[in-house]
Amino acid sequence: MGTSWSVKLALPEAVRIASVLETVERQLGVVVEQMSGWLPSSDLSRFNRAPVGRWISLPAEFFAVLDHAVALAEETAGAFDPTLGNLVALWGFGPEPVSTLPPPQAVVTAALARSGWRRLELDRRNRRARKSAAISLDLSGIAKGFAVDLICDHLRELPLPGFLVEIGGELRGEGVKPDGLPWWVALEQPLSLGIDPHNDDTADIVALHHLAVATSGDYRRFFDSMGRRYCHTIDPRTGCSVTNGLAAVTVLHAGCMQADALATALSVLGAREGMAYARRHQVAARFISRGNSGFAEAMTPAFAAMLA
Ligand code: AMP
Ligand code: MG
């Protein structure tokens, strides 16, 4: 799904590293086979190719992620939207290589008509979904976090006493290290912030003790054109790459899927509206904005309480 993963762990004598690897790769396989837009045979690709109006049965994990995504879409008035596949592809942030030019407005308008979570209907009892227009699902804003949670659930059963799972910059820590300490993590900073998290005591440090962290940023995937930056987060209201001055949003949450999806949602809402949403819902969130005189940082009380 266009990203990398890593796992850090304290390996007890009774557990072989090969079974750890096998566990991780099997669960990654589940997510890729169900939710990858990169794989033509995935359930997601199959749904995207299906005709408008036809009910499509979905596997349990896929349905759970889609269900959560739709609930968040409802809660954020559509800031988070799992049906933006056509727009994401149009802006060049899909499985194909990144483009270098923003698309013309008329093309964006046409793609907006083939997007929108209200054009997706879920049948929870029978675990199936159908679309009322030619929408295309894209779960890249939530699936990494889900995969982290899935891997954590299975590693715990091996059993492993402590581990740190990371996919594409989203992390979750469980248990403690052999020294009895939790996994301390320096939060991701936009590269241009000039903070080296390994070598700077101004970096924000947090203990990932049964806790996940996810960051959405305009420095992950983007292109620059005519002096403007276009990043991979799409504002579903306009169909355009967001330009709200946010460089990064970091969310802490017990579940990595929730953290991942919320970080994406808050990136769309922007510093002001996003902060209001996060405070209202007691989300632990940090916003880093680009200003005229450098970066500005703001965090919710819930976030501040979790820092070292
Ligand atoms: P993340 O790095 O978790 O914020 O995810 C970014 C990815 O999510 C993008 O590359 C798109 O594939 C997808 N995406 C973009 N905009 C949205 C949005 N408003 N809601 C949900 N997913 C989005
Ligand atoms: Mg996300």
Side-chain angles (χ1 to χ4, degrees), residues 1-4 31 35-38 42 44-45 48 65-66 68-99 108 111-112 115-120 135-149 166-172 188 190 212-223 230-244 246-253 255-270 273-274 277-278 283 285-288:
M1 295 177 75
T3 191
S4 61
V31 176
M35 300 171 227
S36 175
W38 277 255
S42 73
L44 179 133
S45 300
N48 288 347
V65 172
L66 196 55
H68 185 80
V70 168
L72 189 63
E74 200 153 3
E75 208 162 80
T76 59
F80 187 89
D81 191 327
T83 69
L84 301 184
N86 293 319
L87 284 161
V88 170
L90 185 62
W91 283 86
F93 297 116
E96 285 82 41
V98 168
S99 68
V108 172
L112 262 175
S115 309
W117 62 281
R118 291 186 189 282
R119 297 182 167 119
L120 174 71
I135 57 162
S136 185
L137 297 178
D138 176 342
L139 297 176
S140 295
I142 184 172
K144 280 179 295 183
F146 174 80
V148 168
D149 288 338
E166 178 263 344
I167 303 179
E170 327 292 33
L171 299 104
R172 179 164 149 183
E188 191 170 303
V213 58
T215 299
S216 288
D218 71 354
Y219 54 97
R220 284 249 183 105
R221 285 188 87 194
F222 64 90
F223 63 88
Y230 298 92
C231 72
H232 68 159
T233 307
I234 304 293
D235 188 332
R237 297 164 290 197
T238 61
C240 293
S241 163
V242 298
T243 47
N244 54 23
L246 265 182
V249 178
T250 296
V251 172
L252 298 168
H253 197 287
C256 200
M257 172 178 75
Q258 289 85 343
D260 187 0
L262 280 166
T264 305
L266 296 177
S267 312
V268 175
L269 291 174
E273 220 189 313
Y277 178 94
V283 175
R286 182 194 67 172
F287 300 80
I288 296 179

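Just so you know, these numbers use all the heavy atoms, side chains as well, and skip hydrogens, waters and symmetry mates. For ligands, and for the atoms within them, numbers begin at 1 and follow the listed sequence.
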Rounded at 0.5 Å granularity, tell me how far CG in D260 sits from OG1 in T264. 5.0 Å
The Mg ion (ligand 2) and T264: any N/O/S contact shorter than 2.8 Å? yes
Straight-line distance of K144 NZ to M35 CE, nearest 0.5 Å: 14.0 Å
Do any nitrogen or oxygen atoms of ligand 1 lie under 3.5 Å from a protein nitrogen or oxygen, and which ones?
unit_1	atom_1	unit_2	atom_2	d
ligand 1	3 (O)	D260	OD1	3.0
ligand 1	3 (O)	T264	OG1	2.9
ligand 1	4 (O)	S216	OG	2.6
ligand 1	4 (O)	T264	OG1	2.7
ligand 1	8 (O)	G141	N	3.3
ligand 1	10 (O)	H232	ND1	3.0
ligand 1	12 (O)	D138	OD1	3.3
ligand 1	12 (O)	D138	OD2	2.7
ligand 1	16 (N)	I234	N	2.9
ligand 1	19 (N)	A79	O	2.9
ligand 1	19 (N)	I234	O	2.9
ligand 1	20 (N)	D81	N	3.0
ligand 1	20 (N)	D81	O	3.4

Ignoring hydrogens, what is the shortest heavy-atom contact between D81 and P236? Give both atom names and the distance. CB-CG, 3.9 Å
Could you state the interatomic distance from CE (M257) to CD (E170), rounded to the nearest 0.5 Å? 13.0 Å
Would you call the rings of H232 and F93 parallel, tilted or perpendicular if under 30° counts as parallel and over 60° as perpendicular? perpendicular
To the nearest 0.5 Å, what is the distance between CG on L84 and CG on L139? 10.5 Å
Rounded to the nearest 0.5 Å, how far does CG of D218 lie from CG of L246? 8.0 Å
The Mg ion (ligand 2) to nearest N/O/S of D260 less than 2.8 Å: yes
Is the Mg ion (ligand 2) less than 2.8 Å from an N/O/S atom of A214, whether that atom is in the backbone or a side chain? no
